[in-house]
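Everything on this sheet refers to the single structure shown next.
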Amino acid sequence: MAVTIVRLLAMLRHEYGDPHWWPGDTPFEVAVGAILTQRASWRNAEISIQNLKSSGRLSPGALVACPVAELEELVRSSGFFRQKARYLKAFSEFVVSAFDEDMERMKTRPTEELRDELLELPGIGRETADSILLYALGRASFVVDAYTYRLMGRLGYGQLGDYETVQAMFRRSLRSRVKDMSDLHALIVIHCKDKCRRIPDCPGCVLDRVCPSKRK
DNA sequence: TTCCAGGCGC
DNA sequence: GCGCCAGGAA
């Protein structure tokens with residue numbers, strides 16, 4: 001019997017404490033971070049965020065008005081900067097046209113509806129859409145990533161199924177508690193970068209006693 | 001499943 | 001040079 005998701009959360013919290021994940025002054029800043037950190041370290045995405053801030057471009061209106069070449073330079077540190085500049089443009093245009101430049105207005109709409117619309121945008125797939133919903137808007141939309149599959153696989157969950165299936169499993173287990181869902185995704189990332197790497201570093205792992213894949 | 005896209009640190 | 005990095009699209 002594999003460790004429960006609730007117990008997994010408790011064990012990771014005990015080990016790593018509050019992950020204080022995704023700092024950001026506004027929902028828009030969080031959403032921009034979600035796009036910039038795709039296949040890029042948060043460290044490098046953060047540099048781009050600072051560039052956008054200090055140049056006064058970190059708002060939907062300012063990004064729509066920003067020339068593409070300039071935007072590309074501002075987000076260069078995040079890698080894939082040509083695509084990401086386009087993605088930021090498209091997302092900003094969406095916020096401007098559908099929500100009058102104010103992401104707070106997204107909060108008046110149902111989660112599933114928002115998710116479908118986000119998925120229509122170029123460069124926003126399920127992970128990014130759920131990151132925006134969870135961390136920018138506080139919706140109960142768990143973020144499933146490669147680390148999630150790796151960790152749960154090693155913990156004995158077997159074949160996990162497709163993205164939405166895994167997401168539903170976490171949402172049920174955590175009873176849609178947004179704080180728990182936010183923390184657990186963050187803690188999974190932290191733990192997998194630290195210990196449950198591609199080649200695992202099992203000695204000293206906090207999950208040792210509940211992990212059937214441990215190597216001694 | 002496979003291809004794609006780049007900066008950064010070592 | 002080489003591997004890593006909070007994925008998306010075909």
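To find a chain, count down the sequence lines: A is the first, B the second, and so on, and within it residues start at 1.
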*Most 5' of A:Arg43 and A:Arg39 on DNA chain B, judged by nearest nucleotide*: A:Arg39
*asked:* Rounded to whole Å, please give me the gap between NZ in A:Lys84 and P in C:dG7.
replied: 8 Å
*Separation of A:Tyr149 atom OH from C:dG7 atom P, in whole Å?*
14 Å
*asked:* Taking the nucleotide of DNA chain C with the nearest heavy atom to each, does A:Ile124 or A:Tyr147 sit closer to the 5' end?
replied: A:Tyr147
*Whole-Å gap separating P (C:dG8) and CZ (A:Phe91)*: 13 Å
_Students often mix this up, so state it plainly: with edges at 30° and 60°, are the rings of A:Phe28 and A:Phe91 parallel, tilted or perpendicular?_
parallel
*What is the nucleic acid contact for A:Tyr87, judged by heavy atoms within less than 4.0 Å: base, sugar-phosphate only, or nothing?*
nothing
*Provide the distance between the two C1' atoms, one in B:dC4 and one in C:dC5, to the nearest whole Å.*
15 Å
_Please classify the nucleic acid contact of A:Arg86 as base, sugar-phosphate, or nothing, using heavy-atom distances under 4.0 Å._
nothing
*Are a donor atom and an acceptor atom from the side chains of A:Asp145 and A:Thr148 found within less than 3.5 Å of each other?*
yes
_Proximal nucleotide (of B:dG7, C:dC5, C:dG7) relative to the A:Ser77 side chain_ = B:dG7
*Rounded to the nearest angstrom, tell me the gap between atom CG in A:Asn44 and atom P in C:dC4.*
15 Å
*Base, sugar-phosphate, or nothing for A:Thr128, non-hydrogen atoms under 4.0 angstrom?*
sugar-phosphate
*Provide, to the nearest angstrom, the distance between the CD1 atom belonging to A:Ile199 and the C1' atom belonging to C:dC4.*
13 Å
*Nearest-Å distance, CG (A:Leu118) to P (C:dG7)?*
17 Å
*asked:* Ignoring hydrogens and geometry beyond distance, is a side-chain donor-acceptor pair present between A:Tyr163 and A:Gln167 at under 3.5 Å?
replied: no
*asked:* If you assign each of A:Phe80 and A:Ile47 to its closest nucleotide in DNA chain B, which residue comes earlier from the 5' end?
replied: A:Phe80
*Would A:Thr128 and A:Gln38 count as having a side-chain donor-acceptor pair, cut-off 3.5 Å?*
yes
*Value in whole Å for how far the P atom of C:dC4 lies from CZ of A:Arg197*: 8 Å
*The side chain of A:Arg198 lies closest to which of these nucleotides: C:dG7, C:dC5, C:dC4?*
C:dC4
*Choosing from B:dA5, C:dC5, B:dG7, which nucleotide comes nearest the side chain of A:Arg76?*
B:dG7
*asked:* What contact category does A:Leu121 fall into here, base, sugar-phosphate, or nothing, at under 4.0 angstrom with non-hydrogen atoms?
replied: sugar-phosphate
*Of all the nucleotides listed (B:dG6, C:dC4, B:dA5), which has the minimum atom distance to the side chain of A:Arg82?*
B:dG6
*Tell me: CG of A:Leu119 to P of C:dG7, nearest whole Å?*
16 Å
*Which word best sums up how the rings of A:Trp21 and A:His185 line up, parallel for under 30°, tilted for 30 to 60°, or perpendicular for over 60°?*
perpendicular
